[in-house]
Amino acid sequence: LAGALWRKPQEDDAEIRQRRLTVVVTAAVAATAILIAGMTVASFYTTRSIGLPERASITITVRAQQWWWQVFYASSGQTSGFQTANEIHTPVGQDVHVRLESADVIHSFWIPSLAGKQDLVPGRSNSLLLRAEKPGVYRGQCAEFCGLQHSHMAVMVIAEAPADYARWIASQSADAIPTTGADVAAGRAAFLAKPCAACHTIRGTAANGTTGPDLTHVGSRQTIAAGLVETTRGSMAAWIADPQTLKPGNNMPMVPLTSIELQDISAYMESLK
Amino acid sequence: MIRSKDDGLRDTALSDKELNRALASTWSAQPGLWGALSTVDHKVIGRRYIATAFVFLALGGVLSLLMRLQLSQPEARFIGPDRYNQIFTMHGSNMMFLFAVPVMQAMAVYLVPLMVGTRNIAFPRLNAFSYWIYVAGGLLLWTAFIVDTGPDVGWFAYVPLSGPQYGVGKRADIWAQMITFTEVSALAIAVEIVVTVFKQRGPGMSLDRIPLFVWSMLVTSFLIILAMPAIMIASTSLILDRLVGTHFFNPAEGGDVLLWQHLFWFFGHPEVYIIFLPAVGMVSTIVATFTRRPVFGYLAMVMALVATGVLAFGLWVHHMFVAGLPRLGESFFTASSMAIAVPAGLQIFCWLATIWAGKPIFKTPFLFVIGFIVIFVIGGLTGVMVASVPFDTQVHDTYFVVAHFHYVLVGGAVFPLLGAIYYWFPKLTGKMMSETLGRWVFGLIFVGFNLTFFPMHILGLQGMPRRIYTYQPEMPWAGLNMFISLSAIVLAAGFLLFFVDAIRSARSGAVASANPWGASTLEWATASPPQPYNFARPPVVGSREPLWAEATALPVAAGLRVDRRELLITGVVEGIPEARESSVGNSIWPLWAALATTLTLVWSIFSPWAVVWGSIPVAVSLIGWFWPKGVLEDES
Amino acid sequence: MPTLICALTMGMMAWPALAHGDDAHGLEPAWTFDPWIVVPLGTLAVLYCLGAARLARRTRRPGGTHRRICLYSAGILTLAGALLSPLHWLGEHLFTFHMIEHEIVMAVSAPLIVLARPIGILLWGLPARARMAAGMLMRAPLMRELWDRGTSATSATILHGVAIWAWHVPIVFDAAVTNPAVHRFQHLTFFATAILFWWALVWRSDYGPAAWHLFFTMIHTSVLGALMALAPRVLYVAQTQAAMAWGLTPLEDQQLAGMIMWVPAGTIYAGAALTMLALWIRGSSERKAQNV
Amino acid sequence: MKENIVLDLTELPAHALGTASPSWWGTLAFMLIEGTGFALSIVIYLYLMSLAPRWPLGTLPPDLFAGSALTALLLASLVPNILVARWAREQDLRKVRLGLVVMAVLGIVPLILRGFEFPAMHIKWDQNAYGSIVWVMLGLHTTHILTDVIETLVLACLMFSRHGDTPRRFGDVGDNAMYWNFVVATWLPMYACLYWIPRL
């Protein structure tokens with residue numbers, strides 16, 4: 001646009017040119033105004049079409065904490081309510097109403113492929129409608145600066161067929177499965193004896209801390225530490241051994257453990273499917 | 001010798017040579033350090049202000065390079081999250097509060113009195129005070145950063161992250177108090193500019209003959225006056241929450257988290273226009289000079305400035321589209337946010353029309369204007385995009401927005417500013433900057449800027465959030481980030497070359513004549529650099545382009561006293577002379593007052609009682625400032 | 001332009017509500033003929049017609065008055081549209097429409113009527129004796145004094161502002177909705193202070209101060225609108241209780257009403273302020289030529 | 001550039017008075033800044049009120065006596081204040097001196113009354129957000145009374161000194177009087193807000 005204007009200026013009557021310029025500028029401004037009006041209307045309709053949660057059959061509450069996502073599923077019919085962390089399962093093709101709350105500072109819930117972002121504001125409750133048309137794993141990330149580990153605060157939405165979803169709900173609402181194997185049993189004992197149990201809950205055991213994520217089915221989640229690493233026995237061990245190196249500043253303290261204890265607890269964690 | 005009833009020596013009684021000597025002795029500062037500390041000459045203070053602001057620009061630039069270093073690879077460990085958060089907070093706060101706003105006001109402090117044809121700014125001592133307060137605020141912030149207590153809560157300092165519970169230590173307090181310093185200085189200058197423009201214009205400069213740059217600074221000053229109290233109130237409430245346990249932002253006790261955001265953005269959105277409008281004025285001036293034509297559509301330009309200013313107050317909510325506000329209202333905010341494109345478009349079209357009609361001369365300042373138009377149009381387009389709610393909920397707080405506002409702020413303000421420096425450098429220093437180096441500077445910055453910031457749009461659309469100190473290798477962002485970091489070096493090289501050119505030219509550049517560009521506004525009617533009294537006699541204005549209208553001799557007014565600092569007061573609308581008025585002499589008291597204020601404000605980070613005890617030295621220094629010293633300027 | 005957008009937006013939002021309301025209520029939005037409104041409005045219209053006709057017969061040069069008659073008719077028609085048409089009926093049920101009604105009265109009808117300067121023609125509409133008496137009354141020192149004070153820019157702006165804010169105190173507003181007499185009084189205060197306000201700015205002050213007062217009014221009404229739009233709970237209980245029947249929650253009704261006051265009404269004030277400012281700037285050097 | 005004298009300024013007054021003077025405009029600009037601050041504090045008050053389930057939050061409405069007495073006193077002080085401004089315009093040194101002494105007293109008494117207003121709120125600043133905003137509003141206004149009283153005292157001293165009898169000082173007195181009008185005018189909406197809105 002600018003380039004077109006660097007021509008040799010032609011010398012003609014100044015007044016006519018002035019008038020012509022006035023017409024051109026006025027027309028250009030009017031065109032801008034009309035364009036803008038058009039875009040506003042388009043934006044308005046898009047906003048309308050995105051719509052509000054009207055009759056979503058499923059309501060999930062997400063409560064953000066520095067720097068992980070606490071997820072609550074309400075009890076329904078035959079299953080009791082439960083909580084999990086950093087991983088949300090939804091049935092494909094259904095509207096899911098997500099209630100967004102914050103336990104500490106402002107966070108923002110954002111699954112780019114499923115919906116726009118929405119802040120989680122302390123003292124207020126926001127909501128968002130999610131709907132996945134295809135099964136799959138949709139990654140999301142906190143989008144409002146929330147302190148030291150804002151960078152490592154991911155969340156996974158796993159959309160699956162309704163039958164799979166129902167199976168998942170049933171397995172999650174159950175207590176932790178009983179231990180099998182010596183190392184797992186030792187790990188369980190160590191977990192309960194060490195400070196771990198003060199912060200974490202494992203339903204079906206004496207561990208009922210509420211500061212950290214619920215670990216009842218931690219082994220079934222794809223990642224740990226809010227999307228930081230994949231869930232394997234090795235990554236579990238690395239995380240427990242030194243959480244401050246992997247995710248500096250996070251709220252999980254380093255608990256002194258012998259290497260045997262570390263292996264056992266990792267095995268126990270992995271077994272909590 | 002003619003002596004009137006107030007019995008002073010008048011310029012009508014002197015030959016030109018005697019007049020210049022007499023004025024010089026009346027208006028000069030004392031030599032030496034004391035003179036430098038006590039001067040109230042708007043040109044000296046303005047130059048200092050500009051230089052200081054550019055120092056902060058360089059420091060902020062270093063911070064951005066550090067960030068680019070850290071982000072060049074996934075999971076890099078050059079800088080830890082704690083330091084990184086301080087760095088990006090410092091970068092934003094420094095660039096906004098210590099560079100962008102002050103540098104625009106500094107240009108006005110230097111230029112506005114010259115452009116309206118008066119001898120000093122209104123309230124010169126307040127002007128000196130505002131500079132000292134500004135420097136104190138900058139020192140506070142940077143000292144804190146060096147000793148690892150730099151603010152780490154973002155330049156927007158959202159509660160509760162910056163509140164008493166989560167913002168531990170004194171970091172957020174230092175941020176909030178830095179705001180107080182810079183706002184006090186910005187408000188003081190805004191008042192000076194408003195009064196200078198209203199009451200000290202040259203005789204005959206009616207409202208429709210005010211240069212566009214002066215109009216832009218007038219509108220900006222009103223924006224500052226109406227917007228900055230909001231951030232003052234907000235930062236004060238934050239300090240009170242942190243220091244004495246009030247509950248403004250505590251939802252458990254009836255406070256509200258979003259209250260902070262409303263107050264912050266009520267200031268924060270006009271802030272963008274506080275930075276952008278002066279640039280509009282600069283561009284208009286440069287365009288007129290280098291096309292040898294008055295800017296097309298003067299009244300339309302002025303109204304566009306005012307309309308932008310008015311709209312600026314209706315737009316703050318679009319920063320909060322994802323905060324959970326009533327959805328019914330979103331369309332209204334989208335409409336008003338998009339509406340701002342209309343005055344902006346009007347301005348662009350007027351410039352293009354001027355260029356179209358004139359014969360452009362492609363000197364460095366004009367190159368920067370062309371760069372500005374290109375970049376700003378892109379920034380404006382992405383601005384219209386983010387005004388749309390559905391689009392914004394996706395790109396909000398991603399690198400798309402980072403790219404957008406760098407296009408708007410760097411493209412919309414820094415490019416015109418650099419052009420303005422090249423343009424007014426001869427007036428500021430009496431030397432020309434290098435035209436050859438200038439072209440290199442423009443080329444490097446233009447290319448470097450686009451290579452650095454354009455890919456950020458893509459990163460944002462790929463989902464990279466802002467304010468993250470690192471990202472995981474499995475995200476598809478690594479390649480572009482490396483590219484951006486390398487491009488940033490090109491950009492930095494451009495700025496480095498600019499600084500080299502500026503320093504070298506100031507020392508040994510070609511000597512500039514009074515009006516090297518053949519420009520039309522009054523600052524070019526006086527020597528380069530101007531004498532301490534600016535004009536031997538106040539120029540009389542008969543048109544919008546006084547220097548083009550009067551090719552041979554400048555019409556002036558005579559009859560002012562020369563034995564005291566005297567300037568002319570004119571009417572607000574028509575610029576009819578109303579009175580001669582004295583302008584205060586040099587004084588050290590503004591410095592004492594600034595020191596006392598600094599003591600109080602810094603102390604009050606630690607104890608509420610500082611406000612009580614600190615007000616005593618502040619009051620003493622203010623009384624010393626205003627108490628008559630029995631000099632000629634005190635008489636009437 | 002933004003007004004247009006907002007009007008469009010409004011229209012689109014209103015449509016579903018309207019369509020929904022018809023069957024849910026079984027009550028058609030209807031014209032309201034409240035004698036307390038119809039009689040004064042009719043009087044104003046008839047007097048003006050009579051006056052204009054008489055004047056036209058006497059002077060035979062209608063050129064300048066055409067525009068004024070158009071302005072006055074537009075003012076009275078919009079006023080009637082606001083107070084008598086189904087809009088009023090809707091305003092009794094929905095806060096949003098009530099707000100639109102008020103804004104038409106204050107920011108559309110009032111300035112149109114003021115621009116028409118109708119007093120002279122209205123006086124001509126009176127029978128001769130009454131005209132004399134009215135003329136005497138208007139020239140009485142006390143009346144002049146009151147009028148001058150009332151239409152000084154600052155006092156008119158403050159008066160209008162106080163009227164707007166006072167009526168939007170929730171219990172006062174709800175009282176107006178539940179009691180027809182209070183409601184009429186509310187509309188009268190809005191209209192009367194708006195006339196003073198616009199008169200003061202259009203005919204009594206310099207363009208610069210007029211722009212300033214308009215800008216100030218824009219700011220304070222925007223703040224009031226924003227407070228309503230952003231409040232997370234229902235403040236106007238009686239006014240919004242019928243909203244559910246129209247597909248809006250009471251809170252949404254209140255938010256939308258606040259938005260109307262904030263954005264479209266604010267745009268009108270801003271537009272007027274910018275016009276005044278442009279006139280101020282444009283005339284400044286010509287004025288100088290006159291003064292020197 | 002050569003100069004061509006086209007205008008003679010010798011007959012202009014040596015000092016700009018009233019609305020012509022820069023200091024009048026400066027005062028006005030600072031009033032605008034502070035007025036914006038006051039307005040924002042009222043907006044915060046109303047905003048917090050719109051959030052709260054009941055208002056005032058967790059306490060009784062404030063006692064009316066001290067605040068109303070202060071309001072009456074401030075309104076009464078406008079009379080001598082306007083007189084002082086008039087005398088300053090007339091450059092009547094004797095009357096201005098008297099007026100400034102009266103105004104200094106009329107500035108100090110409200111400060112004493114203000115001391116009773118804080119307890120009349122029945123709440124401390126650190127109890128809840130309602131307490132915070134009412135203390136800040138009262139505090140904000142108190143600092144304005146205080147600064148104006150100090151300014152009045154300094155001006156009174158000046159008027160009794162050898163620097164007093166010049167148009168410039170009389171101009172300062174006029175600006176100070178305008179500022180006091182502002183301090184009183186801003187109090188009225190705050191008074192309505194603080195004392196009467198909680199009673200609705």
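In what follows, every heavy atom counts, from backbone to side chain, and hydrogens, waters and symmetry copies are set aside. Every chain is numbered from 1, with letters handed out A, B, ... down the list of sequences.
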CD of Glu230(A): more than 12 outside heavy atoms within 6.0 angstrom?
-> no
Scored by heavy-atom pairs under 4.5 Å with chain B, the best of Ser125(A), Cys142(A), Gly140(A), Ala143(A) is Ala143(A)
Look only at the side chain of Lys117(A) and the backbone of Val322(B), and say whether a donor-acceptor pair between them is shorter than 3.5 Å.
-> no
Does any heavy atom of chain A fall under 4.5 Å from the side chain of Gln261(B), the backbone, both, or neither of them?
-> side chain
Is there any side-chain hydrogen bond (donor to acceptor under 3.5 Å, both in side chains) pair reaching into residues 158-168 of chain B, and which pairs are they, with sequence neighbours excluded?
-> Tyr158(B)-Trp265(B)
Heavy atoms, side chains only, cut-off 4.5 Å: are Phe145(A) and Asn85(B) in contact?
-> yes
Roughly how far, to the nearest 0.5 Å, is CD of Gln394(B) from OG of Ser113(A)?
-> 8.0 Å
Quick one: what part of Gln118(A) sits under 4.5 Å from any heavy atom of chain B, side chain, backbone, both or neither?
-> both
Comparing Val105(A), Leu228(A), Leu100(A), Asn126(A) against chain B, the one with the most heavy-atom pairs below 4.5 Å turns out to be Val105(A)
Val121(A), Leu120(A), Asp104(A): which one forms the most heavy-atom pairs within less than 4.5 Å of chain B?
-> Asp104(A)
Where does Glu144(A) contact chain B at under 4.5 Å (heavy atoms): side chain, backbone, both or neither?
-> both
Could you have a look at Pro122(A), Gly227(A), Gly123(A) and say which one has the most heavy-atom pairs with chain B under 4.5 angstrom?
-> Pro122(A)
Give the member of Val395(B), Val257(B), Asp152(B), Val159(B) that has the highest number of heavy-atom pairs under 4.5 Å with chain A.
-> Val257(B)
Largest heavy-atom contact set with chain A, pairs under 4.5 Å, which of Gly80(B), Pro465(B), Ser337(B) = Pro465(B)
Out of Pro343(B), Gly167(B), Ala323(B), which one racks up the most heavy-atom pairs below 4.5 Å with chain A?
-> Ala323(B)
Whatever's closer than 4.5 Å to a heavy atom in chain A on Phe156(B) counts as side chain
Tell me the residues of residues 234-254 of chain A whose non-hydrogen atoms fall below 4.5 Å from those of chain B, in number order.
-> Thr245(A), Leu246(A), Pro248(A)
Would you please go through residues 147-160 of chain A and name the residues with a non-hydrogen atom below 4.5 Å from one of chain B, in numerical order?
-> Gly147(A), Leu148(A), Gln149(A), His150(A), Ser151(A), His152(A)
Of the backbone (N, CA, C, O) and the side chain (C-beta and beyond), which part of Arg466(B) lies under 4.5 Å from a heavy atom of chain A, both, or neither?
-> backbone
Please tell me if the side chains of Leu258(B) and Arg124(A) come closer than 4.5 Å, counting only heavy atoms from C-beta onward.
-> yes
So do the side chains of Arg139(A) and Gln472(B) get within less than 4.5 Å of each other, counting heavy atoms only?
-> yes
Side chain, backbone, both or neither: which part of Thr398(B) has a heavy atom under 4.5 Å from chain A?
-> side chain
Residues in residues 247-255 of chain B that sit under 4.5 Å from chain A, counting heavy atoms only | Pro251(B)
Side chain from CB out, backbone as N, CA, C, O: work out which of these in Phe88(B) comes under 4.5 Å of a heavy atom of chain A, or both, or neither.
-> side chain
Chain B interface, residue from Ala115(A), Ser108(A), Ser102(A) that has the most non-hydrogen pairs under 4.5 Å = Ala115(A)
Contact class of Met475(B) relative to chain A, heavy atoms under 4.5 angstrom = side chain
Heavy-atom proximity to chain B below 4.5 Å, by part of Asp119(A) = both
